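Chain letters run A, B, ... following the sequence lines, proteins first and then strands; every chain starts at 1. Small disclaimer: the values here were computed from a predicted structure and weren't measured.
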Amino acid sequence: MAHEETVYDALDHAHGGEGQWAFGTGFDDPLAGVDTTVPEGIDPADLGVYCLMLGDDALVLCQRLTQWATNAPELEEEVALANSGLDLLGQARLLLARAGSVGVLGRSREQATDSIPDEDALAYFRDADEFRNTALVEAENGDFARTMVRLLVASAWRLALFTRLRTSRDPVLAAIAAKGVHELTYHRDHAARWLLRLGDGTTESHRRAQAGVDAVWPLTADLFTATDVERRLVEAGVAVDPAELRDEVTGVLTMVVERATLAVPAWPADAAPSGRLGRHGPELTALLADLQGLARQHPAATW
Amino acid sequence: MSDLTAEGGHGAVPTGPEVPTGTGKAARRDWPLYEVFVRGKRGLNHVHVGSLHAPDDEMAVHAARDLYTRRNEGVSIWVVKATHITASSPDEKDPMFAPSGDKVYRHPTFYEIPDDVPHI
């Protein structure tokens with residue numbers, strides 16, 4: 001073996017033609033070749049809406065994380081945030097494609113042409129009132145500390161959920177969850193490491209980290225309340241009741257925040273689902289204008 | 001004459017007052033430089049792949065994961081502060097390396113390696 005090749009040739013040798021590049025492997029149907037039959041006893045409409053909830057959480061948080069591109073405090077951290085965003089985008093693609101595969105497309109098809117795949121129609125041609133993400137992910141980034149607190153909370157919640165969804169009766173959802181668990185473990189770890197350093201760092205970083213915790217905590221109010229759709233899917237063995245996640249999520253968050261020498265605020269009282277039902281603040285409308293503007297102006301454009 | 005350091009990981013790179021360092025903010029200079037070594041899936045040894053800045057050792061490993069193993073290349077990462085690397089100097093290139101050039105007996109070229117012996 002020639003040693004004069006670039007180091008990446010040598011490293012790349014290991015995975016051969018598996019095509020791990022995000023770009024260049026094509027953006028075909030991410031569920032191609034997957035059996036998308038819905039098992040008996042599961043309402044496809046409910047399943048689709050549930051996939052939208054989880055897919056929209058990922059899509060919106062991805063958009064927030066990528067807003068740090070060109071703005072992050074350090075280049076290394078910018079890449080880390082973009083990486084986490086891309087992981088979430090991958091999850092969003094699969095979940096939106098799953099929703100499309102069971103015919104849950106909302107009003108997206110009124111504007112999207114036939115050549116636009118379901119996942120893109122759902123991402124780019126739904127208005128804010130059809131998005132089912134929680135308030136936690138749509139809130140503004142704030143400063144770096146607050147971004148890290150939000151990422152910590154969001155990934156702790158999602159990891160607890162995905163860990164349990166691996167045994168979902170919908171095999172597609174179970175497979176998506178199994179793939180996501182590794183990614184979310186890393187996101188949670190990354191955010192936790194930063195919060196430890198910021199909280200136990202300088203006076204200024206401690207102040208900002210505490211402000212971030214205080215700002216993000218109230219956004220957890222509806223994270224542990226199930227919608228009717230989720231309740232029915234829990235009965236059918238497909239979904240997980242978010243109330244079941246509470247002990248694990250609050251336990252992890254309390255541990256990290258305390259170790260970061262920060263004060264753990266009181267947990268907010270449970271709130272009725274809101275974002276999950278399509279009720280959102282103006283932040284989401286602004287975010288979607290960024291996210292969807294190009295696709296709506298040039299539908300089906302390729303580059 | 002500039003000081004010589006291993007900065008940038010490409011051997012000795014001149015640093016010193018006459019070398020422009022950009023207008024980088026002070027914070028950036030506060031983070032130490034790390035050199036990153038990655039061992040690929042079937043690699044036998046860690047290979048130097050580049051460098052990065054990080055606030056501490058643990059975060060350097062994290063950043064290395066994001067910067068240098070995005071294509072699933074690595075199974076193991078080493079990072080080391082660049083200041084802990086002692087590099088040979090280009091000025092000494094000839095005395096360092098030239099003497100071995102004409103000593104053919106140091107090279108294993110006088111016997112045939114069987115095809116089924118790997119990693120040579």
Side-chain angles (χ1 to χ4, degrees), chain A residues 1-25 65 68-69 72-87 90 144 148 151 179 182-183 185-198 200-202 204-205, chain B residues 8-11 22 24-79 81-82 107 113 115 117-120:
Chain A
M1 184 189 301
H3 287 271
E4 309 310 319
E5 297 163 10
T6 71
V7 288
Y8 272 107
D9 287 338
L11 292 170
D12 212 24
H13 209 255
H15 77 72
E18 287 167 38
Q20 305 268 2
W21 280 107
F23 300 99
T25 47
L65 290 176
W68 278 102
E74 297 289 342
L75 186 62
E76 286 82 352
E77 189 54 30
E78 188 165 302
V79 176
L81 290 171
N83 267 357
S84 299
L86 280 174
D87 288 343
F144 182 74
M148 281 301 138
L151 181 60
K179 175 176 181 287
H182 298 295
E183 296 165 346
T185 304
Y186 186 81
H187 304 171
R188 190 182 73 170
D189 182 53
H190 186 77
R193 281 168 193 273
W194 266 118
L195 195 62
L196 292 180
R197 282 160 176 78
L198 294 170
D200 197 10
T202 66
E204 176 65 1
S205 73
Chain B
H10 304 291
K25 291 175 194 158
R28 177 85 201 170
R29 307 292 299 177
D30 291 345
W31 283 15
L33 183 75
Y34 286 83
E35 299 298 337
V36 181
F37 301 80
V38 174
R39 183 164 70 78
K41 275 193 186 127
R42 274 179 234 150
L44 293 171
N45 50 323
H46 286 70
V47 177
H48 183 243
V49 293
S51 51
L52 55 84
H53 288 88
D56 57 44
D57 297 358
E58 269 187 24
M59 295 308 279
V61 174
H62 249 229
R65 177 264 197 196
D66 280 315
L67 286 163
Y68 293 111
T69 67
R70 297 187 55 199
R71 290 184 290 155
N72 204 16
E73 304 91 340
V75 293
S76 170
I77 297 173
W78 288 347
V79 295
K81 278 202 181 89
H107 299 271
I113 300 168
D115 291 339
V117 175
H119 309 315
I120 289 186

Return the [atom1] to [atom2] distance between [X] and [Y], rounded to the nearest 0.5 Å.
X: Glu77(A); Y: Asp66(B); atom1: CD; atom2: CG; value: 8.0 Å
X: Glu76(A); Y: His62(B); atom1: CD; atom2: NE2; value: 14.0 Å
X: Leu52(B); Y: Leu75(A); atom1: CG; atom2: CG; value: 10.0 Å

Near Trp68(A) CH2, under 6.0 Å, is it more than 12 heavy atoms from other residues, nucleotides or ligands?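 Atom CH2 in Trp68(A) is crowded, with more than 12 foreign heavy atoms closer than 6.0 Å.
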
Candidate pair Glu74(A) and Met59(B), rule side chain to side chain contact (heavy atoms under 4.5 Å, CB included), full reasoning: CA-CA 12 Å; Glu74(A) 297 289 342; Met59(B) 295 308 279; over 6 Å; no

